[in-house]
Amino acid sequence: MKTQSLFKNASQFLDYLNEKYNKLHTTYENLFWISYMGDHSVDKKLNSALAARDEFRSNPEFLKQTKLFLEDSSIKDVKRLKAWKLFFEQYQIPESVLSLKKQIDDLESKIMEKRTTRKEGYIDPKTKKFVAASENAMRMISRTHSDEKYRKAAFEAMQKLPLDTINEYIELVNLRNIFATELGFENFYAYKLWNEEGMNMKDLFNLFDTIYEKTKYAFADIRILEKTMPGLRHPWNYGYMLSGDFTKEEDQYYQFDQALDRWGRSFSAIGIDYQKGELQLDLLDRAGKYNNGFCHYPKVVYKKGNKLVKGVSNFTCNVVYGQPGSGMQGMHTLFHEGGHAADRLNSTESEICINTEYPPASTAWAETQSMFLDTMFASLEWKMRYAKNEKGESYPFELFERKVRKLGILSPLSMNGIHSVMEFEKRVYESKNITTEKIMSIAKQTSKKFFDYKDDTISLLNIPHIYSWESACSYHGYGLAELGLEQWRQYFYDKYGYIVDNPQVGKEMSKVWKLGSSKTFPEFIKLATGKKLSSKSFINTTTRPVNKRIALAKKRIARMEAVKQYIKPVNLNASIKMVHGKKVIADNKKSFEDMARKYGAWLKTQIKKQA
């Protein structure tokens, strides 16, 4: 027997869903941005908005209404209804668990406020005085400072940071596991993985464990190298002794006051178009601000009548302006988050529910877009064309070759940073009766397995993703994306011979971006590359012998000689605003170039003002 519909027809119902969810989503995302940029006075409102959004997504009546309209075989809106059916099915939870989700949200806010308002800094090894420094600043010190005593001081200070919230984290893990088991899942990781990627834990970890087994041989090479570099495997020496000198040498080519121009020209050259959307960028580190880059969408693309509503994107990174290595890190994040924004703002799907960054959106597919573009930025072709010092000198091939010959030893282990977070969270959520000691032990054991350091470290507890519902137990998305992007890059190299400044690349990417989240990650990979997802391209790239890497780089650079440089004005087809907290620094109303100049000039006034 059919249930009586509350709506006259399917179109009226679907329009209602789009408008209602748009309002709930925008309210939540605006408050999210304010809070994560450092103003926690809105946190209660934020949690209330989150609860209202969650209540909409889990409303069983909406699912019933959707199914009711799908029963009518003559209905014209089958595709739209199926999108909402999938959406509501993913979020159906017992009413009793809604209150538990609210408890989790409140606890996450408490942890976030603690993490962003705590006193951060290290003890100067010479003066023995406390030096205020953000976690991001200390991380750069531990990687780039020429004095080991300072690297170690920063490292040891960061080891103490997770202790501020470890009790709350244990409570959070327990609550999340209760939530997941109430929904019929073994634990929270299994729930997140199925909800985001439709995968089970056995298949996921078999895939990555196989990669680990095929690449772990490199640890022996590093131990051999340590004989000529005493102290290499101390965690505060590892990054510096292998790449710290390169970070300083390369820094001249990545001055952050040139970041906007290089990002804009690079994206314009490959034809990225933000479809008349709006972008708001907050790029500098400061006290109270969330300490990791992200991209969110206060306004999501959807169709209102016959008109496509344009999207709005906020994205951020945490540049410590003037600190060696921070410029490169900031540019990398700018390309990464800019890739996320391009993906979502290019969708032409009518339903808002498949145009957000949340399930049914695949984390792995979303990260494939962003990581594809930050990998383009990291390529030698990009460096030699765009990375220039103040004298106008390009990044030299000789520097690349020296770096590859020294750091090529690390290439096979490049998945381990991602895999370590995956395994840490897997073990945490599979554990029974977790305690502070058990959590710290898991962190130390996992770090030992994936980094082979001489010293114990609980640095995995400093990963910000593990404290947020949306990003916890989702790090596998980066790993799957690494496989996908290498397969996609190989596709483009085989088809065109080059990626940087190739408008065909942007054209092909935009074709899949138009589809929003209407397909699964494996379906998108097959559509984009013509092949099923495989680890083959990733393993071939990371285990390629040094001499072959150098020869391939020479071939790709030679191919770029025939590619014209992009000399037109930057046109991303977007309204862009550069902000610092609540202060607007510059916009592109006059031109992108004018905005980039103003922002670059403002940056130079900030070098002594950062927290």
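FYI, the numbering just counts along the sequence from 1. Everything quoted here is computed from the prediction, not taken from an experiment.
The environment of Trp194 atom CH2 is sparse: at most 12 non-hydrogen atoms of other residues, nucleotides or ligands sit within 6.0 angstrom. By the 6.0 Å contact criterion, NZ on Lys511 is open, its count of non-hydrogen atoms from other residues, nucleotides or ligands being 12 or less. More than 12 heavy-atom neighbours from other residues, nucleotides or ligands sit within 6.0 angstrom of CD on Glu398.
Under the 4.5 Å side-chain criterion, counting only non-hydrogen atoms from C-beta, Lys289 is in contact with Asp282. The side-chain heavy atoms of Ile442 and Ile434, taken from C-beta on, include no pair separated by under 4.5 Å. Within the 4.5 Å cutoff, the side chain of Asn502 has no heavy atoms near those of the Val563 side chain. Proximity of Tyr240 to Ser146: side-chain heavy atoms (C-beta onward) are separated by under 4.5 Å at one or more points. Two residues are said to be in side-chain contact when any heavy atoms from C-beta on lie closer than 4.5 Å; Leu204 and Lys426 fail this criterion. In this structure the side chain of Ile466 reaches within 4.5 angstrom of the side chain of Phe424, judged on heavy atoms. Side-chain atoms of Phe538 and Leu485, non-hydrogen and from C-beta on, never get closer than 4.5 Å to each other. Side-chain contact check for Glu423 versus Phe208: every heavy-atom pair is 4.5 Å or farther apart.
Taking the ring centroids of Phe521 and Phe524, they lie at or beyond the 6.0 Å cut-off. Taking the centre of each ring, Tyr475 and His465 come in below the 6.0 Å mark. Ring centroids of Trp236 and Tyr453 are separated by 6.0 Å or more, keeping the two rings apart. Checked against the 6.0 Å centroid criterion, the rings of Phe400 and Phe397 qualify as a close aromatic pair. Aromatic rings from Phe185 and Tyr429 are positioned such that their centres are separated by 6.0 Å or more. Ring centroid separation for the pair Phe155 and Tyr122 does not come in under the 6.0 Å cut-off.
A donor-acceptor contact shorter than 3.5 Å links the side chain of Asn206 to the backbone of Lys202. Under a 3.5 Å cut-off, the side chain of Asp452 and the backbone N or O of Arg233 do not form any donor-acceptor pair. Of the possible polar contacts, one joining the Tyr467 side chain to the Leu461 backbone as a donor-acceptor pair under 3.5 Å is found. At distances below 3.5 Å, not a single donor-acceptor pair connects side-chain atoms of Ser441 with backbone N or O atoms of Lys438. Although no hydrogens or angles enter the test, the distance criterion places a donor-acceptor pair under 3.5 Å between the side chain of Arg262 and the main chain of Lys388. Formation of a donor-acceptor pair under 3.5 Å by the Gln258 side chain with backbone atoms of Asn389 is not found in this model. A distance-only check finds no donor-acceptor pair linking the side chain of Lys449 to the backbone of Ser420 [under 3.5 Å]. Side chain of Glu197 to main chain of Ala364: a donor-acceptor pair is present (N/O by atom type, distance under 3.5 Å, no hydrogens or angles). Under the 3.5 Å distance criterion, the side-chain polar atoms of Thr165 are left unmatched by any main-chain donor or acceptor of Glu168. Judged by distance alone, the side chain of Glu337 and the main-chain N or O of Cys295 form a donor-acceptor pair under 3.5 Å.
If you check the side chains of Gln329 and Ser326, you find no donor sitting under 3.5 Å from an acceptor. Between the side chains of Tyr321 and Asp285, no donor-acceptor pair is found at a separation under 3.5 Å. No side-chain donor from either of Tyr254 and His332 sits under 3.5 Å from a side-chain acceptor of the other. Gln369 and Trp513 share a donor-acceptor pair across their side chains, judged by distance under 3.5 Å alone. Defined by atom type and a distance below 3.5 Å, a donor-acceptor pair is present between the side-chain atoms of Ser459 and Gln159. Of the N and O atoms on the side chains of Trp382 and Ser266, at least one donor lies less than 3.5 Å from an acceptor on the other residue.
Listed here is the closest heavy atom pair of Ala154 and Ile141: CB-CG2, 3.8 Å. Listed here is the closest heavy atom pair of Pro324 and Lys248: CB-CG, 4.5 Å.
Using cut-offs of 30° and 60° on the angle between ring planes, the pair Tyr358 and His296 is perpendicular. Between Tyr478 and His336, the ring planes lie tilted relative to each other; the angle falls in the 30° to 60° range. Relative orientation of the Phe335 and Phe377 rings is tilted, given thresholds of 30° and 60° on the angle between their planes.
Asn136 CG to Glu120 CD: the interatomic distance, rounded to the nearest 0.5 Å, is 8.5 Å. Atom CD1 of Ile539 and atom OG1 of Thr215 lie 7.5 Å apart (nearest 0.5 Å).
For Lys495 and Glu508, the salt-bridge test passes: some basic side-chain N is under 4.0 Å from an acidic carboxylate O.
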